[in-house]
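The structure presented is a predicted model; accordingly, all values stated were derived computationally and were not measured. Letters A, B, ... are given to chains in the order of the sequence lines, protein chains preceding strands, and every chain is numbered from 1.
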2 protein chains.
Amino acid sequence: MAQAPSSRWQRKKDARPSEILDAALALFVEKGFSATKMEDIARAAGVTKGTPYLYFQNKEDIFKAMVLHHLSSRLGAFVELEQQHQGPVGELLQILLLKWWDEVGATPAAGLCKLAIAEATNFPELAQFYTNEVISPCLSMVEHILRRGMDSGEFRPLPIASSCDALLAPLVMAMTWAHSFAKVVPETCGYSHHHSREHLSEALQLVLQGLKNPCYEN
Amino acid sequence: MAQAPSSRWQRKKDARPSEILDAALALFVEKGFSATKMEDIARAAGVTKGTPYLYFQNKEDIFKAMVLHHLSSRLGAFVELEQQHQGPVGELLQILLLKWWDEVGATPAAGLCKLAIAEATNFPELAQFYTNEVISPCLSMVEHILRRGMDSGEFRPLPIASSCDALLAPLVMAMTWAHSFAKVVPETCGYSHHHSREHLSEALQLVLQGLKNPCYEN
DNA sequence: CCGATTAATGAACTGTGATTTATTAATTGC
DNA sequence: GCAATTAATAAATCACAGTTCATTAATCGG
């Protein structure tokens with residue numbers, strides 16, 4: 001709206017890279033790496049075929065840069081929150097996982113989760129990077145919280161690794177689903193709720209509180 | 001071993017299709033649809049470029065046939081088991097989900113799960129099919145079991161959809177993980193256990209029994 | 001055993017998509 | 001304003017991978 005409408009030409013050296021990476025994110029998540037054409041990325045970014053090559057070596061380079069660009073930022077605020085929290089760690093888990101949902105899961109960046117899963121075997125280095133940058137820190141934090149809960153008596157003695165799984169699986173699934181089946185299969189099978197915050201919150205609560213009625217006699 | 005070693009020629013009209021589909025499964029799961037070359041499928045199936053086209057229209061047709069071939073069979077035995085079971089449905093869930101792991105999750109067919117997630121937006125019809133054939137039946141069954149548990153008092157009142165999520169997410173994650181990160185990131189971050197039956201069993205147990213110590217006072 | 005049939009081959013065809021590059025036009029500094 | 005610089009274009013290149021098809025060789029019926 002603000003620019004000269006006549007010129008299809010726009011010189012924006014600074015803005016281009018992130019525009020291209022944003023376009024790439026959307027397309028890679030939607031179509032996958034190989035099925036996404038360079039020209040589509042270019043067009044989605046409002047430029048032509050050649051332009052991405054001014055900023056990136058090649059398609060794979062764009063892929064890598066994209067993962068870095070959309071990931072490296074967000075990790076850190078969470079660790080701080082964890083250390084400051086007082087009181088029941090059940091609440092803390094609820095808060096942290098839902099914060100993650102709000103700030104990552106509900107944004108386009110959540111598509112990276114599906115993408116990483118889909119392309120892990122094609123890009124081992126990236127899978128390793130994703131593991132180091134995201135998975136490991138998350139697991140460490142959840143582990144630490146579980147220990148806190150066990151120490152305080154809030155939780156019963158737990159197998160750590162499996163408990164992390166049970167806690168994180170619904171979140172990861174929700175992010176993954178939102179960018180695969182949810183896009184395509186509309187109202188079917190209850191999984192349409194998968195993307196909703198409340199649904200995720202309920203699932204977490206369940207894992208935390210347990211399914212079994214404590215008053216039930218085995 | 002048993003065939004004439006001299007001839008690189010083998011006429012096997014009957015065996016070819018499923019050989020090709022098996023090869024396609026392995027490659028599609030490993031590389032994804034677009035990144036998998038027809039010639040690779042052919043070679044993996046022990047034939048040459050042209051042969052797959054004798055049995056299938058094109059690459060997409062192979063993809064569809066593969067999903068059908070590796071799926072349509074297994075559904076049914078589970079429903080029967082569910083209807084016959086007497087006693088605590090907690091046990092029943094444990095049995096059914098681990099049976100699913102043994103018969104699907106631990107076989108190459110589990111890769112279909114990752115593949116379906118990765119390609120859902122590229123093949124909406126297949127996503128729909130997968131939903132109808134696998135997801136919906138599974139959810140219905142788990143739903144029904146949860147209701148049985150609530151009716152008998154074994155479970156407390158539960159939000160059905162979220163409970164299904166919490167129960168199935170670890171299983172789905174385990175299958176997905178086994179064919180993505182687990183293939184690539186070796187021992188890191190505890191997720192290496194993801195593919196093991198015991199680990200899954202523990203996670204299920206946790207969801208069933210709950211994380212919170214019933215004796216803990218809030 | 002011989003001809004007819006057809007499974008299988010692999011070379012050739014073709015379209016597509018990644019990458020290169022000569023050209024065009026903003027921009028920047030003097 | 002004007003030359004130098006460089007962002008951006010768009011046409012051309014090039015390799016690759018999906019598909020076709022003429023040829024080859026098992027197999028099957030008699």
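- Between A:K49 and D:dA10 there is no side-chain N or O to OP1 or OP2 distance below 4.0 Å.
- Considering only residues two or more places apart in sequence or on other chains, A:E198 meets the salt bridge (charged side-chain N to carboxylate O under 4.0 Å, His left out) condition with none of them.
- Spacing between atom CZ of A:R11 and atom C1' of C:dA25 amounts to 8 Å, rounded to whole angstrom units.
- Separating the CG atom of A:L54 from the P atom of C:dT24 is a distance of 17 Å, rounded to the nearest angstrom.
- Heavy atoms from other residues, nucleotides or ligands lying under 6.0 Å from CD of B:E103 number more than 12.
- For the pair A:R43 CZ and C:dG17 P, the interatomic distance rounds to 11 Å; values are reported in whole Å.
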Validation: residues 107-125 of chain B side-chain donor-acceptor distances under 3.5 Å, sequence neighbours left out:
| unit_1 | atom_1 | unit_2 | atom_2 | d |
| --- | --- | --- | --- | --- |
| B:T107 | OG1 | B:V104 | O | 2.8 |
| B:T107 | OG1 | B:A109 | N | 3.2 |
| B:K114 | NZ | B:V29 | O | 2.7 |
| B:K114 | NZ | B:H179 | O | 2.9 |
| B:E119 | OE1 | B:N122 | ND2 | 3.1 |
| B:E119 | OE2 | B:F33 | N | 3.2 |
| B:T121 | OG1 | A:E30 | O | 2.4 |
| B:N122 | ND2 | A:K31 | O | 2.8 |
| B:E125 | OE1 | B:K64 | NZ | 3.3 |

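- Within 6.0 Å of atom NE2 in B:H85, more than 12 heavy atoms from other residues, nucleotides or ligands are found, so the atom counts as buried in its surroundings.
- Using a 4.5 Å cut-off on side-chain heavy atoms (C-beta onward), A:V142 and A:L167 make contact.
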Report task. Give the C-alpha distance, both sets of side-chain angles, the deciding distance and a yes or no for side-chain contact (heavy atoms from CB on, under 4.5 Å) between B:Q128 and A:V184. Result -> CA-CA 8 Å; B:Q128 185 68 61; A:V184 157; 5.7 Å; no
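- Side chain of A:Y53, nearest nucleotide from C:dA7, C:dT20, C:dA25: C:dT20.
- Among C:dG10, C:dT19, D:dA26, the nucleotide with an atom closest to any side-chain atom of B:T48 is C:dG10.
- The stretch residues 15-41 of chain B touches DNA chain C through B:R16, each having a heavy atom within less than 4.0 Å of the strand.
- Applying the 6.0 Å contact sphere to NE2 of B:H144 captures no more than 12 heavy atoms from other residues, nucleotides or ligands.
- One atom, CZ of A:F56, and another, P of D:dA7, lie 14 Å apart when rounded to the nearest Å.
- The distance between atom CZ of B:F63 and atom P of D:dA17, rounded to the nearest whole Å, is 19 Å.
- Nucleic acid contact class of A:Y55 (heavy atoms, under 4.0 Å, all strands): sugar-phosphate only.
- As rounded to whole Å, 13 Å separates atom C1' of D:dT6 from atom CG of A:D14.
- Between B:N58 atom CG and C:dG15 atom C1' the separation is 15 Å, expressed in whole Å.
- The A:K59 side chain lies nearest to C:dT19 when the options are D:dA7, C:dA8, C:dT19.
- Between B:T51 and C:dT9 there is a side-chain N or O to OP1 or OP2 distance below 4.0 Å.
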